[in-house]
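Heads up: the structure comes next, in structure tokens.
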Amino acid sequence: MNRSKKVLLFLIFHLSFSFFLRSESGHQLWLRPVDAHSVTVELGGRPGATQRLAADVLSHSWQGDSKATIKLRLIKDRSLKPDGFRLHTGEIQATSETGLLYGAYEYIRRQRMGKRLDGFLSNPAYQHRILNHWDNLNGTIERGYAGHSIFWRREAQPTVTESDRALWREYAAANASIGINGTVLNNVNASPEMLSLAYLQKTKAIAEALRPFGVRVYLSINYASPMRLSGLKTADPLDPKVQAWWRDKIAEIYALIPDFGGFLVKANSEGQPGPMDYGRTHVEGANMLADAIKPFNGLIMWRAFVYDPAGGSDRATQAYDEFMPFDGKFRDNVIIQVKNGPVDFQPREPFSPLFGAMKQTSVMPEFQITQEYLGFSFQLVYLAPMWTECLQSDTYQMGVGSTVARCTDGQLYPQTHTAIAGVANIGLDDNWCGHPFAQANWYAFGRLAWDHALSGEVIAEEWIQQTFTAERSFVDPVKTMMMASREAAVNYMMPLGLHHLFAWGHHYGPEPWCNVAGARADWLPSYYHRASEEGIGFDRTVTGSNAVKQYQEPLRSRFASIESCPDELLLWFHHVPWQHRMQSGETLWNELCIRYDRGVQEVRSFQKVWDRMESFVDSDRFKEVQSRLRRQARDAQWWKDACLLYFQTYSNLPIPTYIERPVQDLEEMKQIKFDWTHHN
Ligand code: GCW
């Protein structure tokens, strides 16, 4: 072929692509419209709004035979849980309309993925699959990186517009498509105003928009609300006036929202009020609310994220020490919400020892979808591998195979309620989540909440095909990149079990040297890394804080021994000499250098993968990801340089010469002041 022909073909190729690949904002998430074939949907029973939505889903996205007919059927079937469904070619069966809606979404997904339809039965792993929005009533979002709240904004009185309602419906549809059936609308650091009539009325409007999609609303409460809202003298849970106040408030809420889900409570944690302000316990505090909401079948989700305001013992041990004595004492409509790890959503933590240990109490995992400690919305970090790592961790509490998943989904313990929560990464940004790939984390949370046995890879495959294209030469490399991205972040931020090396004031960049006069010790990185001339890491064995004793054997011994402790958690559980020989045969210092460098190299390789994908993606989303990857590469380098040069001041050892050199000076990096809002 001569050159001009080649150029011509090239032009045609690119023009046709740019014709088809209209620019996309990402607003449609994984629900982008497809060229649907025609289909007839037969509704079952006396169809309500939810069933009609199921029919819409099928007729808007049908990929099967043209002119096919599909029946929606409400049936009685013991093998189906309330939200479950069964698919047959041409038929969806469920015991509820919501089940039909979930079935419709799954039907379409399976058509698109070319998967078997006949006789496919699916039940959710958890009854309550809930997003937690850390949205403040003034519209800002704590740890939110995708714009302001979709629910609240700064205004004298809360108002509702038609475009609010439209947005909430889109949000609800996205949730329904992945099985999410609940949402907490406000920050756990809760404003008492949330329970004022004006805000409850807006909550009612939100509930109405979400209801047809099977999504219930919940609220976070401030424990001192009776005082702050109504001027009571106390919020003591044993005070009859306080109890009456909550009973009345709850009755008021249910009069507005008959299917209200319940409360999420952060009490006596990080300065929030709670029962301990009155000498009462978490049990007394939670049970009082549980009794008040019981007549309405509401749920109290009580968070275990508590640690001693005075410092004291190892922070990683405190939630367990606080809650274990209460096992068996909570009402059956209380569920203890436990973060995946014992400290705080770090890039890698062992699972919280409360999982499986509380045997007579309902416990639910809390994951963080928003990337507070994983690169905000600037970095591509796919979190499913982190969550499956936690869910599949064996706690050994009821023998081999007592995974976190099985300890919380009702299989091993008779929980009245089962639930799972994810802290949302959603805001008013056009693409909802900031980074186009952050949408995958919302998606993955929902899919895992429905089926915790799914692999991160299967979920990534689904998400990529629906969000971008099904072309193998796109899907495969992008999936590999996503699957590698969490480990890459661990490597360039805090490998080998290091944790909390984050800068003061934001949790984006590194500040292992951070020292703020008067700050509590366990808010400073040095509390966690304990670097000295001898070594680095937190001794949590019997010679240290003995956190290992909170784990069941054989884990306790495995973690306690420097020989058997997995590399990934070594510096979490041990203070290790710089010259210690690792499993790889390298010294600890060299291994640390290798990991930091590997993390940076991995991000560089993601850039190359993405740059090869240009022809598959519309230019808006392509450029957006490309630019964010550039930033991620720079910031990974920042992490590596800061941590290695700082730790080197203790190890006094050279960075092995087969590794790329740092390119920034330690003193320079110490001067960096990072205000992320200016970079958004
Ligand atoms: O991860 C930490 C965050 C706080 C958050 C807290 C919590 C909502 O830094 O911003 O507060 O956890 O989970 O309560």
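What's counted below: heavy atoms across the whole structure, side chains too, no hydrogens, waters or symmetry copies. Counting starts at 1 for both ligands and their atoms, following the listed order.
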Distance to 0.1 Å, residue and atom name: give those for the protein heavy atom nearest to atom 6 (C) of ligand 1.
-> Glu270 OE1, 3.4 Å

Please determine if Arg280 forms a cation-pi arrangement with Tyr278, meaning its NZ or CZ atom is less than 6.0 Å from the six-membered ring centre and no more than 45° off the ring axis.
-> no

Between Glu487 and Arg595, is there a salt bridge with N-O shorter than 4.0 Å?
-> no

Report, in ascending order of atom number, the atoms of ligand 1 lying under 4.0 Å from any heavy atom of Arg143.
-> 3 (C), 4 (C), 9 (O), 10 (O)

Looking at Phe305, which atoms of ligand 1 are within less than 4.0 Å of one of its heavy atoms?
-> 6 (C), 7 (C), 12 (O), 13 (O), 14 (O)

Under 4.0 Å between a Lys/Arg side-chain N and an Asp/Glu carboxylate O for Glu270 and Arg303?
-> no

Interfacing atoms of ligand 1 (cut-off 4.0 Å, heavy-atom, Glu372) | 1 (O), 2 (C), 3 (C), 9 (O)

Considering the heavy atoms of His507, write down every atom of ligand 1 situated less than 4.0 Å from one of them.
-> 9 (O)

Before signing off on this row, confirm whether Glu366 and ligand 1 have an N or O atom pair separated by under 3.5 Å.
-> no

Pair Trp152 + Tyr199: ring centers closer than 6.0 Å | yes

Decide yes or no on side-chain hydrogen bond (donor to acceptor under 3.5 Å, both in side chains) for Glu142 and Asn189, but give the supporting numbers first.
-> CA-CA 9 Å; Glu142 182 153 351; Asn189 292 328; 3.0 Å; yes

For ligand 1, does Val423 get within less than 4.0 Å through its side chain, its backbone, both, or neither, judged by non-hydrogen atoms?
-> neither

Is NZ or CZ of Arg447 both nearer than 6.0 Å to the six-membered ring centre of Phe445 and within 45° of the ring axis?
-> no

Would you call Asp327 and Lys359 a salt bridge, using N to O less than 4.0 angstrom?
-> no

With sequence neighbours excluded, give me every side-chain hydrogen bond (donor to acceptor under 3.5 Å, both in side chains) pair touching residues 509-518.
-> none

Please state whether Asn187 comes within less than 4.0 angstrom of ligand 1, counting heavy atoms only.
-> yes

Hey, which atoms in ligand 1 end up nearer than 4.0 Å to a heavy atom of Asp344?
-> 1 (O), 2 (C), 12 (O)

Any N/O pair Trp134/ligand 1 closer than 3.5 Å = no

In ligand 1, the atoms that come under 4.0 Å of a heavy atom of Asn189 are 8 (C), 11 (O)

Sub-4.0 Å atoms of ligand 1 with respect to non-hydrogen atoms of Val188 | 8 (C), 14 (O)

Protein heavy-atom partner closest to atom 12 (O) of ligand 1 - residue, atom, separation in Å | Lys339 NZ, 3.0 Å

Ligand 1 to Tyr373, heavy atom cutoff 4.0 Å, flagged ligand atoms 1 (O), 9 (O)

Protein heavy-atom partner closest to atom 14 (O) of ligand 1 - residue, atom, separation in Å = Lys266 NZ, 2.6 Å

Would you call Arg348 and Glu568 a salt bridge, using N to O less than 4.0 angstrom?
-> no

Geometric class of the Trp246/Phe263 ring pair [parallel <30°, tilted 30-60°, perpendicular >60°] | perpendicular

Give the residue, atom name and distance (to 0.1 Å) of the protein heavy atom nearest atom 10 (O) of ligand 1.
-> Glu142 OE2, 2.4 Å

